[in-house]
Amino acid sequence: MDKNFYITTPIYYPSAKPHMGHAYSSIIADFFARFKKIDGFNVHFLTGTDEHGLKIQRAAEVKNVDTLKFCDEISETFRKLSKTLNLSNTDFIRTTEERHKKTVQYLWNILEKNDEIYLSKYSGWYSVSDEAFYNEDEIETIDGKKIAINSKSEVEWVDEESYFFRLSKWEKPLLDFYEKNPDFISPKSRKNEIISFVKSGLKDLSVSRKSFSWGIKVPNNKDHIIYVWLDALTNYISALNYPNKENDLFKTFWPASIHLIGKDILRFHAVYWPAFLLAAKIELPKKVYGHGWILSGDEKMSKSKGNILDPLEIIEQYGLDPLRYYLIKEVSFGNDGNISQDRLEDCINSDLANNFGNLCQRVTAFAMNNCQGLIPKDIDFEKEDLVILDDFKLNIENIRVKIDEQDVNYYINFIVNSLFVANKYFNDQEPWKKKDNPKRMNTIVYTTFEIIRKISFMLYPIIPDSALKALKIFEINENNINFSSIMNNNFLEQGKKFNKIGILFKKIEK
RNA sequence: GGCGGGGUAGCUCAGUUGGUUAGAGCGCGGGACUCAUAAGCCCGAGGUCAGUGGUUCGAUCCCACUUCCCGCUACCA
């Protein structure tokens, strides 16, 4: 079995400050990375910034600062965001790094050598902000300015020499690949869109620009800059030091297990990227998953509507883990998700504070008073105890399968349901009425402790800090979290002292 | 215009390979308890499953049409 797992987020284009969409992609990726980690996988988790292109160049010019300095600054804000989101990424790549440039130029040379690239000429209306060309009928004139109808961005006439990638010849191979790898484009709902796009015919792709300088130069023709997408997508292998044979990261982690991205850039990842790789005779990633957008009040978040939810502000107000939990729980993964501060607060109060936090509290408080502050030792499981404990064992394989299908909601719903069951169990068993039957009382406490431990293990990928805080009860640290051990009903050392912990989640006054 | 997805409780969504009383969470109303963050547990109210017609012994689930929303794509010109 392949015990290596390589997951990537998009590399973020830092022309604006980080928003909820960035946070969402990163948090979900971190969830998968952490889960695989505690399930015994060797995990490589990559994120970073995409820093080339005319848009960045002009933004730097406007600010009158050196372009690279400009990039250093904004890339740093994304690196900080990774820290703020408590990402477990093992690398952070910038397309302005030397290691990346070398790989991109190497890849270019392969493509050129394989006759996958040729020099020709392109003319048309070009939008800098969209990085795309438009036909005459796709633009309109407003106030004397040429505007792309779809994106409302300004276009300018470009008439220049350009290198082209023979995308057209990969139409059939791509379709064959999709067929042989039915899960490559996920979720399924977006697969048809891509397939029908490819079926409708692929045109060769312009992969160089002469009109600006901020990018990676085409080897042997310094007048040309490599197209930003060819540049950016390559980050997934440049971060593995491809083609450096001295370093076995590439050997270990390629092909990537999953490229996690937003649905807006699915085409680049599901068509262009595999085509580049096919042309260079490099293995294709196993899966590209295009998740939905985070919406606020049914509308795309926008400043003018004042409905923007800034991840940093939310985190400052409520804390990181509530945001992570909320995004993973309430957004139906793969679909667009509506979020609101109101629902976030409900979620914190009912799921985190009342259900999970209070469970930890009530059991430790009870055990502190009735079990001398020790994890009970004189215990004897009965049927109703084992039914609950074994439920984790019975579902463990299923949970792994669901994770590999990116069924995030199944995973968290299993946890929520376990919490209901746990609270009901403690209620129904009424240990406070069993003080004259210490063995039974001890067993109830031990069972509930074990449930808390198992649930905390499962919560760790979602809310790592809070799960670790809960596990402090048993003095379990990060290195001792192991998903397989949720099968074990006797993980906790009997007779050992346990710790009382404070409030895990503060309730929001509404 | 074409292709695809969708319209299910106040809200967010699940589900039914067609079959007696359509589900969950949140929210709301009531009850019993007390270990706990006035948390937890139990009970309950709430839906013509977008509309119309058809197939069927029987449709929320199949078919047709209508309508609304969303995505991809094309084009008239």
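The chains referred to below are lettered A, B, ... by the order of the sequence lines, with proteins before strands, and numbering in each begins at 1.
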TODO: Would you tell me whether Ser485(A) and Arg453(A) have side-chain atoms, one donor and one acceptor, within less than 3.5 Å of each other?
DONE: yes

TODO: Tell which nucleotide pairs with U17(B), taking only Watson-Crick or G-U wobble pairs whose two distances are both under 3.5 angstrom.
DONE: none

Task: d(CD1, Ile328(A); C1', G25(B)) in whole Å - done: 17 Å

- [ ] Round to the nearest Å and state the distance from Asn355(A) atom CG to G40(B) atom P.
- [x] 6 Å

Task: Ser162(A) side chain to Ser208(A) backbone, donor-acceptor under 3.5 Å - done: yes

Task: Distance-only donor-acceptor test, Asn354(A) side-chain atoms vs A39(B) base atoms, 3.5 Å - done: no

Open item on the list: Under 3.5 Å for both donor-acceptor distances, Watson-Crick or wobble: does U55(B) have a partner, and if so which one?
Closed with: none

TODO: Taking atom C1' in both G51(B) and G6(B), compute the distance separating them and give it to the nearest angstrom.
DONE: 16 Å

Open item on the list: Please report the distance, rounded to the nearest Å, between CZ in Phe356(A) and C1' in U37(B).
Closed with: 14 Å

Open item on the list: Of the options A36(B), C13(B), C35(B), whose atoms approach the side-chain atoms of Trp432(A) most closely?
Closed with: C35(B)

Task: Distance-only polar pair, side chains of Asn409(A) and Lys329(A), donor-acceptor under 3.5 Å - done: no

Open item on the list: Please determine whether a side-chain nitrogen or oxygen atom of Lys507(A) lies at a distance below 4.0 Å from atom OP1 or OP2 of A39(B).
Closed with: yes

TODO: Tell me which nucleotide among G40(B), U37(B), A14(B) gets nearest to the side chain of Asn335(A).
DONE: A14(B)

Task: Gly502(A) vs Arg190(A), nearer the 5' end of RNA chain B by closest nucleotide - done: Gly502(A)

Task: Residue Lys329(A), side-chain heavy atoms: nucleotide from G25(B), C41(B), G40(B) that is nearest - done: G25(B)

TODO: Could you tell me whether the side chains of Tyr118(A) and Asp204(A) share a donor-acceptor contact shorter than 3.5 Å?
DONE: yes

Task: Shortest side-chain distance from Phe420(A), nucleotide among C42(B), A36(B), G25(B) - done: G25(B)

Task: Spacing of Asp351(A) atom CG relative to C26(B) atom C1', expressed in whole Å - done: 9 Å

Open item on the list: Can you confirm whether the side chains of Asp391(A) and Asn395(A) place a donor and an acceptor under 3.5 Å from each other?
Closed with: yes

TODO: If U34(B) has a Watson-Crick or G-U wobble mate with both distances under 3.5 Å, name it; if not, just say none.
DONE: none

Task: Atom pair distance, as rounded to whole Å: NZ in Lys191(A) and P in G5(B) - done: 14 Å

TODO: Please tell me which of the listed nucleotides, C35(B), U34(B), A14(B), lies nearest to the side chain of Lys433(A)?
DONE: U34(B)

Task: Phosphate contact (G71(B) OP1 or OP2) by Lys263(A) side-chain N/O below 4.0 Å - done: no

Open item on the list: Between A77(B) and G4(B), how many Å separate the two C1' atoms, rounded to a whole number?
Closed with: 27 Å

Task: Integer-rounded Å distance: C33(B) P and Asn423(A) CG - done: 20 Å

Open item on the list: Which label fits Trp432(A) and Phe366(A): parallel for a plane angle under 30°, tilted from 30 to 60°, or perpendicular past 60°?
Closed with: perpendicular

Task: C1' spacing across the pair A50(B) / U8(B), given as an integer number of angstrom - done: 10 Å

Open item on the list: Of the listed nucleotides (U37(B), U34(B), C26(B)), which one gets closest to any side-chain atom of Asp346(A)?
Closed with: C26(B)

Open item on the list: Please give the distance between the C1' atoms of C13(B) and G27(B) as a whole number of Å.
Closed with: 15 Å

- [ ] Select one nucleotide: of C35(B), C41(B), C26(B), the one nearest the side-chain heavy atoms of Ala365(A).
- [x] C35(B)

Open item on the list: Both Lys506(A) and Val416(A) contact RNA chain B. Which one's nearest nucleotide lies toward the 5' end?
Closed with: Val416(A)

TODO: Specify whether Phe276(A) and Tyr272(A) have parallel, tilted or perpendicular ring planes, treating 30° as the upper limit for parallel and 60° as the lower limit for perpendicular.
DONE: tilted

Open item on the list: The side chain of Ser350(A) is closest to which nucleotide in this list: C35(B), U37(B), C26(B)?
Closed with: C26(B)

Task: Among U37(B), C72(B), A14(B), the one nearest Glu193(A) by side-chain distance - done: C72(B)

Task: Spacing of the P atoms in G53(B) and U16(B) (rounded, Å) - done: 27 Å

Open item on the list: In this structure, how many angstroms lie between the P atom of C41(B) and the CZ atom of Phe426(A), rounded?
Closed with: 13 Å

Open item on the list: Strictly by Watson-Crick or wobble contacts shorter than 3.5 Å, is anything paired with C26(B), and which nucleotide is it?
Closed with: G10(B)

TODO: Could you state the atom-to-atom distance from NZ of Lys435(A) to C1' of U34(B) in whole Å?
DONE: 10 Å

- [ ] Just name whichever nucleotide pairs with G46(B), Watson-Crick or G-U, keeping both distances under 3.5 Å, else none.
- [x] none

